[in-house]
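Inspection log for the structure reproduced underneath, given as structure tokens.
One is the number of the first residue; the rest follow in order along the sequence. Only this structure's heavy atoms are used, side chains among them; waters, hydrogens and symmetry mates stay out.
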Amino acid sequence: MVETVVRWLLLLVVSGASLLSAYVVAPRFRVTTRMSERWLVTLILAHGFAFSAFWAVSFVSAFDEVWASVAVILVAGVMAIFFGQWRRLKYIKLDARRLVRALPRPSNSFVLLGVVVVALAALSVSISHILYYPTWSWDCVWYHLAQSRYIVQERSMHYWVDTPVGYINGYPRLIETFSAFTLAVLRSETLDDATQLSWTVVGAVAIAAWCRRLQVSRTLSLALGLSWILLPAVFLQIHTTHADIAAGALFVAMQYFLWEPKASSKQLVMATVCAGLLLSAKVTGILWVGLSAPIALVQLSRSLQKGRWRQWRLAQVFIVVLALGIGLTQPIRNMIHMGNPVYPASIQIPLTNIKLPGPIDENAVSGGLSFLRSPNAVKDIVAKWYREPGVPFPDIRERPFGRTFNYFTLPLAVIGLVFGFRRKRWQSVGVFFLAAASIMSPAPWWGRYVLGVPAAALVASGAMFELFRRRVRVLSFVGMAILSAGVS
């Protein structure tokens with residue numbers, strides 16, 4: 001009993017140290033003073049501090065409850081000492097007050113208050129699943145949980161073992177490493193499925209932050225962010241070890257930073273941190289980061305113009321290099337062992353005669369080809385996004401975003417992209433790019449692979465709602481639509 005309590009306390013101390021350090025460091029890496037952006041930066045840095053520590057200790061095969069914990073506390077402490085602004089701790093109370101003020105009131109926004117209540121209820125259901133109903137989905141049992149066990153067994157996330165399951169060696173391990181850490185510390189499988197819970201919050205905060213950039217009210221931004229949680233493709237996956245929520249949230253966050261109107265070193269550092277974690281989360285990250293690279297280069301050139309190159313600091317350059325190094329570790333290892341950065345998939349590179357070797361055909365890995373190269377790809381997207389759901393698998397394959405998304409949010413988002421941004425055309429391009437790049441992934445008709453699409457639609461809808469922000473009836477109707485999407 002005493003040992004169990006001590007182990008839980010250790011997990012709380014390590015998690016708290018990473019989060020506290022990220023909060024005091026966040027002002028160094030945020031572009032604006034918005035609360036939503038401050039917390040987005042905080043959550044991403046907290047994950048980044050912990051994962052970089054796990055990555056480092058794994059090189060000396062020291063991934064266990066002692067050395068992994070020490071490494072996280074050490075990284076968090078060093079970052080807080082050298083980059084932390086401790087006076088910012090006083091803003092915790094201010095943030096709490098702002099969050100309370102952002103909550104809808106029954107007197108003026110009863111329906112939006114319902115969105116908050118339903119979202120919290122959904123998270124509560126997922127937490128119950130995590131604690132009392134272990135993962136059963138085949139991908140999770142087949143290789144996601146196996147990766148976590150190998151990390152604990154080999155005391156390293158950089159393992160390469162003798163196994164006929166290529167995914168175990170070839171796939172990135174962000175989610176699985178955090179799962180392995182809870183397993184090592186607690187000596188229990190209780191939190192095996194908990195690692196996507198925090199990334200769900202990251203996705204919601206990223207959407208809310210983008211809405212706030214468009215001057216959408218705090219209340220509506222909060223509701224739109226929470227509505228992402230209520231999407232069936234998100235809600236049914238929170239309590240599993242699939243990596244799609246983490247990948248989707250990181251891709252949304254990366255685009256949020258890349259499309260910041262004021263090009264700066266801070267913006268690019270945070271975008272690179274997101275890119276490194278995205279590459280560590282899912283193979284599709286290679287595609288998404290590659291598609292985003294030209295935007296990053298444009299923003300880099302803007303940040304270097306007119307003498308603004310002086311804003312870059314050696315520490316920022318180091319973080320950029322480290323983040324990319326961490327993200328590219330698995331693709332490089334795959335190249336060394338198998339000559340293919342996306343092993344085990346055998347992929348024909350578009351517009352070339354180059355075929356990367358692997359035991360599994362690209363089409364067989366996820367059921368479709370990237371860049372809409374599958375026959376009838378667009379037809380399949382429409383058919384499966386609008387099809388009546390069958391068995392509610394965690395990797396939900398029919399109507400993944402809900403009926404209201406199909407018939408209300410998506411059409412309204414298209415109108416929002418055309419009319420809702422007004423003088424913010426740069427942001428409309430960014431939101432469109434988020435959706436377009438998402439569906440370039442393999443099998444885009446599977447909603448869990450393209451969570452950037454509903455995120456972009458929610459942001460675009462927020463821009464449209466802002467045009468009618470003084471019309472209470474419209475906001476009530478919007479809230480009812482979001483609420484019904486979650487219920488459906």
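- Across every non-hydrogen atom of Ala46 and Ser18, the tightest pair is O-OG, 2.7 Å.
- A donor-acceptor contact shorter than 3.5 Å links the side chain of Arg173 to the backbone of Asn169.
- A donor-acceptor contact shorter than 3.5 Å is absent between the side chain of Gln255 and the backbone of Val431.
- Under the salt bridge (Lys or Arg N to Asp or Glu O under 4.0 Å) criterion, Arg149 pairs with Glu189, Asp192, not counting sequence neighbours.
- Judged by distance alone, the side chain of Ser179 and the main-chain N or O of Glu176 form no donor-acceptor pair under 3.5 Å.
- In summary, Glu65 and Arg187 engage in a salt bridge, as defined by a charged side-chain N under 4.0 Å from a carboxylate O.
- Between the side chains of Ser370 and Glu362, a donor-acceptor pair is found at a separation under 3.5 Å.
- In this structure, Arg30 is not positioned above the aromatic face of Phe257 in the sense of NZ or CZ being under 6.0 Å from the six-membered ring centre and within 45° of the axis.
- The ring-ring contact (aromatic ring centres under 6.0 Å, His included) with Tyr386 is formed by just one residue from the set Tyr407, Phe401, Phe405, Trp445; it is Tyr407.
- Nearest heavy-atom pair across Phe433 and Leu291 is CZ-O, 3.5 Å.
- Counted by atom type alone, Ser126 and His239 present one or more donor-acceptor pairs between their side chains at under 3.5 Å.
- Between Tyr449 and Trp446, the ring planes are parallel. Angles under 30° get that label, and only those over 60° would be called perpendicular.
- For Leu287 against Ala437, the heavy-atom pair with the smallest separation is CD2-O, 4.4 Å.
- Remark: side-chain polar atoms of Arg34 are not paired, donor with acceptor, to backbone N or O of Arg38 under 3.5 angstrom.
- Side chains of Ile319 and Thr272 form no contact here, defined as non-hydrogen atoms less than 4.5 Å apart.
- Ser58 places a side-chain N or O within donor-acceptor distance of the main-chain N or O of Met157, the cut-off being under 3.5 Å.
- Looking at Thr42, its side chain never comes within 3.5 Å of a backbone N or O of Ala26 through a donor-acceptor pair.
- In this structure, Gln196 contributes its side chain and Ala246 its backbone to a donor-acceptor pair below 3.5 Å.
- Using modelled atom types and a 3.5 Å distance limit, the side chains of Ser198 and His47 yield a donor-acceptor pair.
- Looking at Gln237, its side chain does come within 3.5 Å of a backbone N or O of Asp244 through a donor-acceptor pair.
- Ser441 and Trp288 share no side-chain donor-acceptor pair at under 3.5 Å.
- Listed by chain and number, the residues in a side chain to side chain contact (heavy atoms under 4.5 Å, CB included) with Ile127 are Leu131, Leu197 (sequence neighbours excluded).
- For the side chain to side chain contact (heavy atoms under 4.5 Å, CB included) with Ile245, the lone residue among Thr240, Ile238, Ile229 that qualifies is Ile238.
- Residues Arg448 and Asp139 are paired through a salt bridge, judged by an N-O separation under 4.0 Å between the basic side chain and the carboxylate.
- Below 30°, between 30° and 60°, or above 60°: for Phe63 and Phe181 the angle between ring planes is above 60°, a perpendicular geometry.
- Side-chain atoms of Thr219 and Ser217 include no donor-acceptor pair closer than 3.5 Å.
- Checked by atom type, the side-chain pair Glu37/Tyr256 shows a donor-acceptor distance below 3.5 Å.
- Residue-environment remark: CZ (Phe432) stays at or below the threshold of 12 foreign heavy atoms within 6.0 Å.
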So Tyr343 and Tyr171, ring-ring contact (aromatic ring centres under 6.0 Å, His included) or not? Walk me through it.
CA-CA 7 Å; Tyr343 177 85; Tyr171 270 18; 9.2 Å; no

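- Using a 3.5 Å distance cut-off with no hydrogens or angles, the side chains of Trp385 and Glu398 do not pair a donor with an acceptor.
- The environment of Trp67 atom CH2 is sparse: at most 12 non-hydrogen atoms of other residues, nucleotides or ligands sit within 6.0 angstrom.
- In this structure, Arg213 pairs ionically with Glu260, as a charged nitrogen and a carboxylate oxygen lie closer than 4.0 Å.
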